[in-house]
Protein chains: 2
Amino acid sequence: MTQFTEETLESIRNHFQRTIPQLSINCVIFRFDGETLQVPVVRFLDEDVWNIPGGFIYQDEGIYEAAKRILLEQTRIDNLMLSQFGTFGSAERSVAKDITRNPKMGFPQDIIDHFSQRFVTIGYYSIVGKEQRKLKAGPFFKEVKWVNVAETEHLAMDHPQLVSEALLALRSELQSRPLLSSFMPETFTIPELQKLYEAILGRPVDRGNFRQRILKTKILEKIGTSKQKTGSRPPILYKLDQKNYLNSLSDDVKLGF
Amino acid sequence: MTQFTEETLESIRNHFQRTIPQLSINCVIFRFDGETLQVPVVRFLDEDVWNIPGGFIYQDEGIYEAAKRILLEQTRIDNLMLSQFGTFGSAERSVAKDITRNPKMGFPQDIIDHFSQRFVTIGYYSIVGKEQRKLKAGPFFKEVKWVNVAETEHLAMDHPQLVSEALLALRSELQSRPLLSSFMPETFTIPELQKLYEAILGRPVDRGNFRQRILKTKILEKIGTSKQKTGSRPPILYKLDQKNYLNSLSDDVKLGF
DNA sequence: TCAAAAGTGTTTGGTCTACACCCATGC
DNA sequence: GCATGGGTGTAGACCAAACACTTTTGA
């Protein structure tokens, strides 16, 4: 029945020993493929249940380092700036309870018990460019893939909520954190950038106004004209002017109301 | 040596048994006394070390409920809307390690060990009106008092950082959450409100412009003239128009740049 | 020459800022 | 009446939304 060797089980138990109990981390990573926002999801063993990448915190590492390690192990995505978007811990919240309890999986009782505990999770989000395609599942996970954020409502447990909370944080930090550097490739056009904004904000943006406003900030540096074979005027290629871009970001709080 | 009865020690151990290990909650509560922002701090036993109120999460309660309970137990402040502002957990982070280790305290080794563990903490903040003065220390705490946020740099451990992170969150959420209802008394004047904004934003605000903008939102309802014996024109009394106020709050994200 | 998409400009109205000025009160 | 702080108005700069017009390309 059991599909795990005793060695594997021991390594799982050993992992539990070395990590903080009842506390986990989940990483929501956004990618923009030119049309929609996507996030990587992982599949645990043979189950057809998809999860936001997540894991546990070693006793001797900070939570931020843990988040980076977990992401690297499970998706092979490395070197990201991660931002916290919230911590979730209703009394009923657990991780992988249903999966491990499934008799078909053949887990021993101690591991089922461990995963059936109530767990609090810390949510981080980040961003990768669209050229970032080298997803590769790490240990304990069978498969990783990108899915559109619009299609994340079927993820396991409260993971759909994690995605939408992460998206809210992404939206509100779009102007105050250097996110464009991560989202966009080295060179890009203004219409491409506009599509990114529309995807993040979830609403259309006026073409002319978008162009004017973004050019006024001087964060774009013209480097030529793209040569495409579309039946239309070829857009101008730009790259980010890092110095001006970082200057344009601001935590300044307006009075607003 | 020991200043604790065996009964007390047992109740502490029992509390540990029922809570999530290595995870704590801290609550930064802001009050505005008309001039400055203040937060309550608690003193643990006989030590002259002041802490942001904090505690642990029972296995059968959500983290939000835990935060409210902890706040009530330690300060007798009740019925607040709390907002999360971040979770902190560097590898070296602990709670009360120094205090419990102090031989003068006479704690048994098992309790010292428990408090010497690495702890992750979830930070919540909230707001009370200035009439909220009924601070009263709960169990395990000797004393509670209000201190100005400007004077929180001497708090224990990383608690000064918690205060400044909470203040940042407060600032950026001033326009999107119904914070005024909590900060201000039933009736108040515009100059009083302006002082609150200046305290939160940490900078002066133009009198005339502040007045115009806040009146344009229609969130204030005139109810008369205050009768003060100051040697100047008496300000107009207002109260919040709850319906318009809630409407005026918005998560709308501007394009900005 | 036409459609399609990119690039540009203009109009209108709002908002932000920095003030100047007036008003009600106690001394 | 005068100092003090509250209440009000306004000019100029700046910003935003809507939309019309022009340009460049492939077919």
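Reckoned from all heavy atoms, side chains included, excluding hydrogens, waters and symmetry mates. Here is how names work: the chains are called A, B, and so on, in the same order as the sequence lines, proteins then strands, and each is numbered from 1.
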Between atom [atom1] in [X] and atom [atom2] in [N], what is the gap in whole Å?
X         : N       : atom1 : atom2 : result
Arg203(A) : dA17(D) : CZ    : C1'   : 12 Å
Leu193(A) : dG7(C)  : CG    : C1'   : 15 Å
Leu201(A) : dA17(D) : CG    : P     : 12 Å
Leu220(B) : dT8(D)  : CG    : C1'   : 16 Å
Phe210(B) : dG5(D)  : CZ    : P     : 18 Å
Lys195(B) : dG5(D)  : NZ    : C1'   : 10 Å
Ile214(B) : dT8(D)  : CD1   : P     : 14 Å
Leu237(B) : dG7(D)  : CG    : C1'   : 14 Å

Distance test, side-chain N/O of Arg213(A) to OP1/OP2 of dC15(D), below 4.0 Å: no
Donor on one side chain, acceptor on other, Thr87(A) and Thr87(B), under 3.5 Å: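 Distance-only check passes for Thr87(A) and Thr87(B).
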When you compare the protein's N or O atoms with those of nucleotides 10-13 of chain D, which come within less than 3.5 Å of each other, and at what distance?
residue	atom	partner	partner atom	Å
dT10(D)	O4	Gln212(B)	NE2	3.4

Residues which pass side chain to side chain contact (heavy atoms under 4.5 Å, CB included) with Lys218(B), listed by chain and number, not counting sequence neighbours: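 Counting only residues at least two positions away or on another chain, Lys218(B) forms a side chain to side chain contact (heavy atoms under 4.5 Å, CB included) with Asn244(B).
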Under the side chain to side chain contact (heavy atoms under 4.5 Å, CB included) test, residues paired with Pro191(A) that sit two or more places apart: Thr189(A), Pro235(A)
Measuring from the side chain of [X] (C-beta onward, heavy atoms only), which nucleotide among [options] has the closest atom?
X         : options                 : result
Asp206(B) : dG7(D), dA18(C), dG7(C) : dA18(C)
Arg211(A) : dA4(C), dA24(C), dT8(C) : dT8(C)
Pro191(B) : dT8(D), dT25(C), dG6(D) : dG6(D)

Expected list for residues 179-187 of chain A: side-chain donor-acceptor pairs under 3.5 angstrom, two or more places apart:
none

With Glu173(B) via salt bridge (Lys or Arg N to Asp or Glu O under 4.0 Å) - residues at least two apart: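 Expected list: Arg177(B).
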Residues forming a salt bridge (Lys or Arg N to Asp or Glu O under 4.0 Å) with Lys195(B), sequence neighbours excluded: Glu35(B)
Arg69(A) bridged to Glu65(A) by N-O distance under 4.0 Å: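 A salt bridge is absent here (no side-chain N lies under 4.0 Å from a carboxylate O).
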Of all pairs that satisfy salt bridge (charged side-chain N to carboxylate O under 4.0 Å, His left out), the ones with a partner from residues 231-240 of chain A, not counting sequence neighbours: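 Non-adjacent pairs meeting salt bridge (charged side-chain N to carboxylate O under 4.0 Å, His left out): zero.
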Pairs meeting criterion salt bridge (charged side-chain N to carboxylate O under 4.0 Å, His left out) with involvement of residues 151-160 of chain A, two or more places apart: Arg93(A)-Asp158(A)
Please list each protein N or O that sits under 3.5 Å from an N or O in nucleotides 20-23 of chain C, with the distance.
residue	atom	partner	partner atom	Å
dC23(C)	O4'	Arg233(B)	NH1	3.3

Sugar-phosphate only, base, or nothing, as touched by Thr189(B) at under 4.0 Å among non-hydrogen atoms: nothing
Sugar-phosphate, base or nothing in reach of Thr225(B), heavy atoms under 4.0 Å: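 No contact.
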